[in-house]
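The next block holds one structure in the form of structure tokens; read it before the comments.
Note that these values count all heavy atoms, side chains included, but never hydrogens, waters or copies made by symmetry.
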Amino acid sequence: MNFDFLTEATARELEQFKAVCNQLLSRTYIVRTLYRPGKGRINNPDYTFLSIHYQQVRDYLSLLDWDLRKDEMNGFFYVRNTDEANRCNLNKKETAILLALRMIYDENQERLGLEQDAVCTVRDVLEKVVTDYAILPARPNMDEVKRTLTLLEHHAVIQRIEGKFNRSDCKLAILPTVLAAVSSEKLNDVVSVLRREEDDDEETDADSAD
């Protein structure tokens with residue numbers, strides 16, 4: 001490990017170094033572009049900094065048992081805890097919404113531009129959850145939807161573009177980080193488990209009615 005950068009960096013570089021590390025530890029992902037109202041997508045200076053100082057940041061985080069990884073093709077950096085600690089655990093409805101976002105992203109991959117974001121509405125996500133794939137038997141209430149989407153935005157899986165998360169016409173961008181949040185290998189397995197749990201719940205309700 002080489003920590004010469006920390007002793008040779010300017011005060012401004014050290015501030016950005018700390019900001020980038022804290023962002024990775026609190027939000028998991030750093031993406032190449034960000035949406036800014038009135039400006040559209042802009043280059044993320046934190047992504048640029050990480051591209052230049054990837055090894056220095058990776059060496060530092062490894063001391064804290066975090067593994068910094070990069071997906072240059074899809075444009076993001078992310079961290080994983082080497083001890084599998086500090087994982088974000090989602091409940092059934094939160095998981096269903098995350099899976100729906102991944103499905104929408106997959107369906108739009110051929111049409112994605114250089115920014116590699118899939119734009120959709122909250123209505124699109126809920127239709128995917130309940131109608132198209134029947135992951136859940138009924139729509140989550142909008143308070144649950146808002147809490148889930150706010151959590152996913154905090155972890156840089158989505159970014160709100162227009163409107164509020166508790167409105168069906170809210171427009172959001174699904175970021176390429178969803179590919180790391182839900183791997184293609186796990187997608188079908190998790191959907192099958194959720195559906196099976198719903199079927200078991202329905203059978204239990206029927207038995208109780210008898």
Side-chain angles (χ1 to χ4, degrees), residues 23-31 34-35 71 74 76 78-81 84-109 112 116-210:
Q23 187 178 165
L24 285 165
L25 294 178
S26 64
R27 304 191 65 192
T28 309
Y29 303 100
I30 288 181
V31 293
L34 300 169
Y35 177 81
D71 186 332
N74 293 302
F76 62 91
Y78 64 107
V79 289
R80 291 193 183 277
N81 188 272
E84 294 296 313
N86 297 83
R87 296 180 66 86
C88 181
N89 296 314
L90 305 179
N91 63 32
K92 184 187 298 184
K93 291 179 180 179
E94 291 167 342
T95 300
I97 290 173
L98 175 59
L99 293 175
L101 291 168
R102 172 60 200 263
M103 292 171 182
I104 293 172
Y105 191 89
D106 284 354
E107 291 172 0
N108 285 272
Q109 272 195 308
L112 298 182
Q116 296 179 296
D117 303 336
V119 177
C120 67
T121 64
V122 169
R123 181 184 297 109
D124 296 330
V125 177
L126 295 179
E127 286 179 354
K128 191 68 65 183
V129 169
V130 178
T131 306
D132 292 357
Y133 286 92
I135 304 171
L136 296 177
R139 285 174 51 150
N141 68 57
M142 295 309 287
D143 286 338
E144 292 173 317
V145 172
K146 180 182 178 181
R147 282 195 299 271
T148 301
L149 295 180
T150 300
L151 173 66
L152 295 177
E153 183 176 46
H154 173 75
H155 284 286
V157 175
I158 62 173
Q159 186 176 11
R160 184 169 58 90
I161 295 175
E162 183 179 282
K164 298 181 178 180
F165 282 144
N166 59 355
R167 297 288 301 271
S168 61
D169 60 352
C170 174
K171 185 184 293 186
L172 56 96
I174 307 171
L175 306 179
T177 52
V178 75
L179 298 172
V182 183
S183 68
S184 56
E185 294 78 14
K186 291 182 179 179
L187 181 60
N188 291 331
D189 291 341
V190 177
V191 170
S192 298
V193 169
L194 287 178
R195 286 176 176 164
R196 188 161 57 248
E197 288 178 354
E198 291 300 334
D199 291 341
D200 291 344
D201 290 343
E202 290 176 5
E203 289 177 7
T204 301
D205 291 341
D207 291 341
S208 298
D210 292 341

Min side-chain heavy-atom separation Arg102-Leu179 under 4.5 Å
yes
Can you find a heavy atom in the side chain of Ile158 that is under 4.5 Å from one in the side chain of Phe165?
yes
Flag, side chain of Arg160 to backbone of Gly163, donor-acceptor distance under 3.5 Å
yes
I'd like to know if the side chain of Thr177 and the backbone of Tyr29 have a donor-acceptor N/O pair within less than 3.5 Å.
no
Atom CD of Glu162 and atom OG1 of Thr121: how far apart are they, to the nearest 0.5 Å?
11.0 Å
Would you give the length of the straight line joining atom NZ of Lys164 to atom OG1 of Thr150, rounded to the nearest 0.5 angstrom?
11.5 Å
Applying side chain to side chain contact (heavy atoms under 4.5 Å, CB included), can you list everything that pairs with Val79, at least two apart in sequence or on another chain?
Leu24, Leu61, Trp66, Leu68
Candidate list Leu149, Thr148, Leu152, Leu99, test side chain to side chain contact (heavy atoms under 4.5 Å, CB included), partner Glu94, passing option:
Thr148
Show the nearest heavy-atom pair for residues [X] and [Y], with the distance to one decimal.
X	Y	result
Ile174	Leu101	CD1-O, 3.5 Å
Tyr105	Val178	CG-CG1, 3.8 Å
Val125	Ala100	O-CB, 3.8 Å
Asp117	Pro176	OD1-CD, 3.4 Å
Leu126	Pro140	CD2-CD, 4.0 Å
Ala156	Leu175	O-CD1, 3.4 Å

Please name all residues satisfying salt bridge (Lys or Arg N to Asp or Glu O under 4.0 Å) with Glu107, sequence neighbours left out, ordered by chain then number.
Lys128
Is it the case that more than 12 heavy atoms not belonging to Arg167 sit under 6.0 Å from its CZ atom?
no
Any pair with a residue in residues 135-158 that passes salt bridge (Lys or Arg N to Asp or Glu O under 4.0 Å), sequence neighbours left out, goes on the list, sorted by first then second residue, please.
Lys93-Glu144
